Amino acid sequence: MALIVQKYGGTSVGSVERIHAVAEKVKSWHDRGHQVVVVVSAMSGETNRLIGLAKEVNPDPSPREMDVLLSTGEQVTIALLAMALHRLGVDARSYTGGQVHIRTDSAHSKARIMDIDGTRVRADLDAGRVVVVAGFQGVDESGAITTLGRGGSDTTAVAMAAALKADECQIYTDVDGVYTTDPRVEPKARRLDRITFEEMLEMASSGSKVLQIRSVEFAGKYNVPLRVLSSFEEGEGTLITLEEEENVEQAKISGIAFSRDEAKLTIRGVPDHPGVAYQILGPIGEANIEVDMIVQNIGKDGTTDFTFTVHRNELNRALEILRKTADELGAREVEADDKIVKIALVGVGMRSHAGIASTMFKALADERINIQMISTSEIKVSVIVEEKYLELAVRTLHEAFHLDQAA
Ligand code: ASP
Ligand code: MG
């Protein structure tokens, strides 16, 4: 008998029929003698609908009231799922985040979970009940409702699993696992049986949208075995764990992530002296704009060129700030480019195998794809290329690292 936390996303509970199907699935685990906690998202489209309503009433809604509103989507699905379970003869109880003491900080719309008191849930489980918990929400110290950021139900599930020391946290979604890359770009993409937390984190931060990044961080920190699997088909899905696969003889590359949400800014001819990096990026950071990749190059004439990337949505804001900085520093020019994408090759095999980056660069060069920026970590190499090469670059790398073949 195991304690399992299952999370069903918006599409999986998107209609009455689908809620019945989820109830059947939960019942089958419960019937086999497992203790089951279910975390659900709002019905698909509901959170967006609520955001739309709020904007109609007030274009600049208060973050506190926004969270009161958005948390209602999940309150609907927990009650409906509990009712569906009752109809199948399963004893079940639903709870909002606050009712099971999911305590968060007060950062409305992106709150972090600080603590969960599992006493109530455990008592229900011990009494043979299925517990259904609303994803995406908690309460802060003052009792205000908070939400955890879009896709936050994943994090609720992982946090519940950590608090209850569950044997596994299963994320049921509309794909049947984590793939080597997005199958819409490369049809030969393959489902991975396993991937490490570290790799999954790099994939998620480089654009893979299967899991909310925070949920992966949380799972890694508390070592919660996490499985991504389909709500609609049977299958083993992808297991995300601490251990690397036994077979680390080959240079193991797990996948290719990419992001179209990038934009690049360059400031040229900045008089070079200690502190310029700070002078350029300081004001960007103060405006709460996240900088991803950075390249600095020193010219012969004692000036420096400085390039960095930001989220495409923040390009205009960043550009405005950078133009001001350029004036102050006496820089020659400022340039912006949003026709770029980031492509990242991810794999723990990079640690023990040299030459992976050069294989990557050669494969891109053979297709005459120009690399504009490069950054590396222990288990990742990311490049910035022109947007029009995205598909070609992803397929080329998938082929070059034989990702269509099981390791
Ligand atoms: N309902 C929330 C959203 O749409 C949370 C979630 O689905 O995980 O982002
Ligand atoms: Mg999701």
Side-chain angles (χ1 to χ4, degrees), residues 5-16 18-19 21-22 26 37-55 61 63-82 94-100 102 104-105 107-113 116 132-140 145-162 169-175 178 200-201 204-205 207-219 224 226-232 237 240 261 311 313:
V5 175
Q6 303 187 328
K7 180 257 172 177
Y8 293 90
T11 2
S12 312
V13 294
S15 67
V16 168
R18 287 188 172 175
I19 289 174
V22 168
V26 171
V37 175
V38 189
V39 173
V40 285
S41 293
M43 294 170 100
S44 54
E46 179 62 8
T47 308
N48 287 338
R49 188 185 73 86
L50 294 168
I51 292 172
L53 270 180
K55 294 266 147 96
R64 182 192 183 279
E65 301 314 325
M66 202 62 189
D67 279 355
V68 173
L69 179 68
L70 294 193
S71 66
T72 62
E74 274 74 9
Q75 194 168 333
V76 170
T77 45
I78 54 169
L80 292 177
L81 180 58
S94 71
Y95 294 105
T96 63
Q99 285 177 309
V100 287
I102 299 180
T104 70
D105 61 20
H108 286 291
S109 86
K110 49 175 184 290
R112 276 183 188 272
I113 297 178
I116 295 182
V132 185
V133 177
F136 178 56
Q137 56 178 263
V139 281
D140 73 1
I145 296 174
T146 55
T147 65
L148 310 178
R150 297 309 301 269
S153 300
D154 293 345
T155 301
T156 305
V158 172
M160 284 302 308
C169 180
Q170 305 174 337
I171 309 280
Y172 288 90
T173 177
D174 46 6
V175 292
V178 178
M200 193 61 220
L201 203 54
S205 66
S208 160
K209 296 197 171 67
V210 185
L211 289 172
Q212 199 202 29
I213 293 181
R214 269 193 197 169
S215 72
V216 184
E217 282 170 2
F218 219 103
V224 177
L226 191 59
R227 194 182 287 278
V228 175
L229 59 190
S230 164
S231 328
F232 308 112
I240 309 165
D261 301 330
H311 193 283
N313 289 343

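Counting starts at 1 for both ligands and their atoms, in listed order. Just so it is clear, the structure is predicted and the values come from calculations on it, not from any experiment.
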I'd like to know if [X] contacts ligand 1, where contact means a heavy-atom distance under 4.0 Å to any ligand atom.
X	value
E74	yes
G152	yes
G9	no

> Side chain of T155, backbone of S215: donor and acceptor closer than 3.5 Å?
Replying inline: yes
Backbone or side-chain N or O of [X] under 3.5 Å from ligand 1 N or O:
X	value
F136	no
S41	yes
D154	no

> R214 versus R112: any side-chain heavy-atom pair under 4.5 Å?
Replying inline: yes
>> I want to check something: taking the side chain as every heavy atom from C-beta on, are N48 and R150 in contact at a cut-off of under 4.5 Å?
In response: yes
> How close do T96 and Q137 get, heavy atom to heavy atom, and via which atoms?
Replying inline: CB-OE1, 3.4 Å
>> With no hydrogens and no angle check, just 3.5 Å: does a side-chain donor-acceptor pair link D67 and T147?
In response: yes
>> Please check if the number of heavy atoms outside Q99 that lie under 6.0 Å from its CD is greater than 12.
In response: yes
> Given S153, S215, S71, which has its nearest heavy atom closest to atom 6 (C) of ligand 1?
Replying inline: S153
>> Show the atoms of ligand 1 that are less than 4.0 angstrom away from any heavy atom in R150.
In response: 3 (C), 4 (O), 9 (O)
